[in-house]
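For clarity, every value in this text was computed on a predicted model and none was experimentally measured. Chain identifiers are assigned alphabetically (A, B, ...) following the order of the sequence lines, protein sequences preceding nucleic acid strands; residue numbering begins at 1 within each chain.
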Protein chains: 2
Amino acid sequence: MKIAEATVARLVLYHRLLAKLHAEGQKVVSSQEMGKLLSLKASQVRKDLSYFGEIGKRGVGYHVAKLYEHLDDILSPPQKWRMGLVGVGHLGSALLGYKAFDTKKYGIEILFDNDLEKVGNEIFGIPCYHIDHACRIINENNIDVIILTVPSNAAQDCVDSIVKCNGLKGILNFSPTSIIVPEDILVYNVDISVELEKLLFYVKQIM
Amino acid sequence: MKIAEATVARLVLYHRLLAKLHAEGQKVVSSQEMGKLLSLKASQVRKDLSYFGEIGKRGVGYHVAKLYEHLDDILSPPQKWRMGLVGVGHLGSALLGYKAFDTKKYGIEILFDNDLEKVGNEIFGIPCYHIDHACRIINENNIDVIILTVPSNAAQDCVDSIVKCNGLKGILNFSPTSIIVPEDILVYNVDISVELEKLLFYVKQIM
DNA sequence: TTTTGTGAAGTTTTTCACAGCG
DNA sequence: CGCTGTGAAAAACTTCACAAAA
């Protein structure tokens with residue numbers, strides 16, 4: 001069955017919330033309580049969870065530890081994902097130090113940049129190569145996913161040089177521009193200025 | 001009329017694309033061409049633009065400069081938005097130096113942190129205050145929107161102290177946690193690990 | 001002829017409402 | 001009795017298909 005993107009996003013939120021509730025010692029949680037904590041309708045929570053089998057207990061709710069494990073399985077990788085990061089600027093560096101990344105599930109193995117000051121060194125303990133050698137390095141290191149944090153004017157060129165690698169499966173694009181890729185490569189965009197503009201658009205509406 | 005969130009997001013993409021086409025000297029563009037450049041259906045582009053009146057020319061397409069101005073108006077603020085940023089860590093600092101922010105439309109006026117090394121200083125030329133004084137400072141400086149880049153365990157406390165300010169209208173939340181706010185305050189979440197997890201979920205599916 | 005603008009159709013996603021089970 | 005699981009209904013969003021305009 002095909003699971004909708006919005007559902008997957010919420011599964012991550014449920015997973016995160018359950019880790020918190022578990023750490024706080026809570027044993028059982030209802031769809032209503034989860035909804036309240038995540039600003040979602042209880043029926044939405046139940047519908048999302050129902051796609052993966054009956055996991056709750058009627059009249060009781062969901063067992064926190066059990067549901068957490070269940071979601072962990074759904075979201076778990078076939079093996080630890082190997083990622084590379086292209087563009088070790090401010091944002092790229094911030095992501096390298098980002099605490100919320102789940103280091104059991106994936107790791108940033110390789111960096112790329114075009115700055116010769118950075119190339120050849122280790123940054124946060126991760127080797128940095130020149131972007132021109134990306135294809136060979138990505139193949140040699142079995143990189144599955146690239147995080148792209150380059151300026152928008154460099155984005156498509158970077159993409160064009162990395163999509164030729166045959167092992168690459170996905171790109172998380174932070175560059176504020178649309179990139180064009182072959183259809184066998186998945187792209188998700190994290191577009192910070194789009195999110196800010198959306199917020200400002202609706203803030204304006206309610207004034 | 002209520003404009004859907006997905007439409008607003010695409011308007012920002014159109015606006016950005018038109019700036020680029022304009023800079024490249026292109027005079028006219030069709031919905032088909034815009035769709036191709038942004039990986040969207042032509043009919044989607046036309047439908048989105050049609051919500052704001054007839055702006056294209058049948059048989060010709062859209063006049064680049066005119067459509068750009070049109071979108072500029074739609075997305076323009078009533079005045080330059082005044083923003084504050086809470087949490088001057090790696091991610092917060094990266095955003096302070098972020099090139100893609102449209103500095104004509106909004107500016108980051110004030111910073112907040114709980115690190116006494118930062119409080120009282122200017123960072124990137126912007127004064128930094130202690131988070132405990134957020135409410136007074138936000139009111140005094142007429143801050144409309146807060147960018148929240150604090151660790152997840154601090155997020156709700158920060159939110160609770162800033163939502164009491166009466167001028168605050170919206171929060172752009174980068175913390176990897178759900179925050180609960182009064183209903184008159186708009187929240188948009190930029191959840192980096194959720195986006196990465198979504199990508200990895202679908203990468204797994206196609207393997 | 002080309003390409004827009006747009007009702008209508010189609011698709012997806014969310015919400016409802018209640019049967020079913022512990 | 002309370003809360004889940006889930007068809008069915010409603011809402012939201014996208015795509016189609018074509019009339020109308022340049």
- Which comes earlier along DNA chain C counting from the 5' end, the contact point of A:Gly59 or that of B:Leu49, where each point is its nearest nucleotide?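 Nearer the 5' end of the strand: B:Leu49.
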- Message: For A:Ser43 and A:Val60, find the nucleotide of DNA chain C closest to each by heavy atoms; which residue's nucleotide sits nearer the 5' end?
- Response: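 Comparing both residues, the 5'-ward one is A:Ser43.
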Tell me which nucleotide among [options] gets nearest to the side chain of [X].
X: A:Tyr51; options: D:dT14, D:dC13, C:dT14; result: C:dT14
X: A:Lys41; options: C:dT13, D:dA22, C:dT15; result: C:dT15
X: A:Arg46; options: C:dT14, D:dC18, D:dT6; result: D:dT6
X: B:Gln44; options: D:dT14, D:dA22, C:dT15; result: D:dT14
X: B:Tyr62; options: D:dG5, D:dT14, C:dT4; result: C:dT4
X: A:Lys47; options: D:dC16, C:dG5, C:dT15; result: C:dT15

- Query: Once the angle between the rings of A:His70 and A:Phe52 is folded into 0 to 90°, is it parallel (under 30°), tilted (30 to 60°) or perpendicular (over 60°)?
  - Reply: perpendicular
- Can you check whether any acceptor in the base of C:dT3 is under 3.5 Å from a donor in the side chain of B:Arg58, or vice versa? no
Whole Å only: how far is the [atom1] atom of [X] from the [atom2] atom of [N]?
X: B:Leu38; N: D:dT14; atom1: CG; atom2: C1'; answer: 16 Å
X: A:Met34; N: D:dC3; atom1: CE; atom2: C1'; answer: 14 Å
X: A:Glu33; N: D:dC3; atom1: CD; atom2: P; answer: 11 Å
X: B:Leu40; N: D:dC16; atom1: CG; atom2: P; answer: 13 Å
X: A:Glu54; N: C:dG22; atom1: CD; atom2: P; answer: 9 Å
X: B:His63; N: C:dT4; atom1: NE2; atom2: C1'; answer: 16 Å
X: A:Lys66; N: C:dG22; atom1: NZ; atom2: P; answer: 12 Å
X: B:Asp48; N: D:dT15; atom1: CG; atom2: C1'; answer: 12 Å

NA contact type, [X], heavy-atom cut-off 4.0 Å: base, sugar-phosphate, or nothing?
X: A:Ile55; value: sugar-phosphate
X: B:Ser31; value: sugar-phosphate
X: B:Ser30; value: sugar-phosphate

- Centroid-centroid distance, B:Tyr68 to B:His15, less than 6.0 Å: yes
- Could you tell me the separation between the CZ atom of B:Phe112 and the CG atom of B:Leu85, rounded to the nearest 0.5 Å? 10.0 Å
- Task: For the pair A:Arg10 and A:Asp48, find out whether any cationic side-chain nitrogen is under 4.0 Å from an anionic carboxylate oxygen.
- Result: yes
- Query: Charged N to carboxylate O under 4.0 angstrom, B:Lys198 versus B:Glu195?
  - Reply: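 Answer for the salt bridge query: yes.
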